[in-house]
Amino acid sequence: MTKLPLNKPNLSTKIADVNFDSYILNASGPRCTTETELHNLGQSDSAAIMTKSCTLVAREGNPEPRYKALPQGSIQSMGLPNLGYKAYLEILPRLTQYNKPIIASISGLSINDNVEMVRAFQQSAADLLEVNFSCPNVPGKPQLGYDFEQTDKALAAITKLGDKPLGIKLPAYFDFNHFETVANILKKYPVKFISSINSIGNTLVIDPETQSPVIKPKAGFGGLCGSYIKPIGLANVNAFRELLPKEISIFGVGGVYTGTDAFEYLLAGADAVQVATCYQEQDVNCFTRIKNELAQLLASKNYQNIDAAKGQLQLL
Ligand code: RRO
């Protein structure tokens, strides 16, 4: 076994027993819709290639303007623009050359849609399946993760379709009763990971100059992202880490821009972090930068690897 120099911590991690070379990957959403974008991720330092959430048929998404950068994040209502799941089934084998995990994100508009797509991706080149229970931006379609009965029903249907590790992208919860209810539902099924959190749905940013919302769809209501939501993401990751068995891995998502942000998710108990708005606003080099920053921070605190620091939140 090669010994790493003391000052170079090992950032490798595991999600659902799948090896990831580092702790930092892209989140579903920004710059992961087209084949070109997915190859860019393959060539980057992102620890995996995560696809944009797909639906049965291709979608243009919501009318523009539908994304607005804000001082500490963004608000968006993209409306699930994607190529349709069959296109991703064709693209994925061409991404295996990068030798890193491929995660297919699936966001059916009904339980039946999710069943059809999960069944198909179980036979695909994807290594993990992330089923999105929390898209806030399709008019008339509530976030599945806020309906506990439907969440239970959907999990029963999609967790019996094959052996690839399947996880769920959750919305943010704000009440301990909800954390417990959701954890108890997840524990009934062979869910291998969660991704927590999605954007905070149905927020409103108003430009006082124009007296208008800053985005067009849904009368300006959209998902809030970036640094604004990091404390909510940290709380959700930490609450679920306490409530779920260790065998269920956790991706922390929400407001990761720096190695310090990634470290905070690590202290909260995350097994890896996904980067969304920072990647949208910057470029693939953000994965290299965040990785280096996290390595440097861990070294300065004498942590030699991810496991050494995981969950090391020190309560007051
Ligand atoms: O496409 C979107 O509007 C979108 C999705 Br699918 C999601 O899961 N979360 C989000 O903030 N936007």
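Just so you know, these numbers come straight off a predicted model, no measurement behind them. Counting starts at 1 for both ligands and their atoms, in listed order.
The pair Asp21-Lys100 fails the salt-bridge criterion, with no side-chain N (NZ, NE, NH1 or NH2) lying under 4.0 Å from an Asp/Glu carboxylate O. Taking a cutoff of 4.0 Å between a charged side-chain nitrogen and a carboxylate oxygen, Lys14 and Asp271 do not qualify as a salt bridge.
In this structure, a donor-acceptor pair under 3.5 Å is absent between the side chains of Thr55 and Asp113. Tyr98 and His39 share a donor-acceptor pair across their side chains, judged by distance under 3.5 Å alone.
Of all the heavy atoms in Leu128 and Ala16, the pair that sits closest is CD2-CB, 4.2 Å. In terms of heavy atoms, Tyr228 sits closest to Ser74 at CE1-N, 4.4 Å.
Residue-level contacts of ligand 1 at the 4.0 Å heavy-atom threshold are Lys52, Gln76, Met78, Gly79, Leu80, Pro81, Asn132, Cys135, Pro136, Asn137, Asn198, Ser199.
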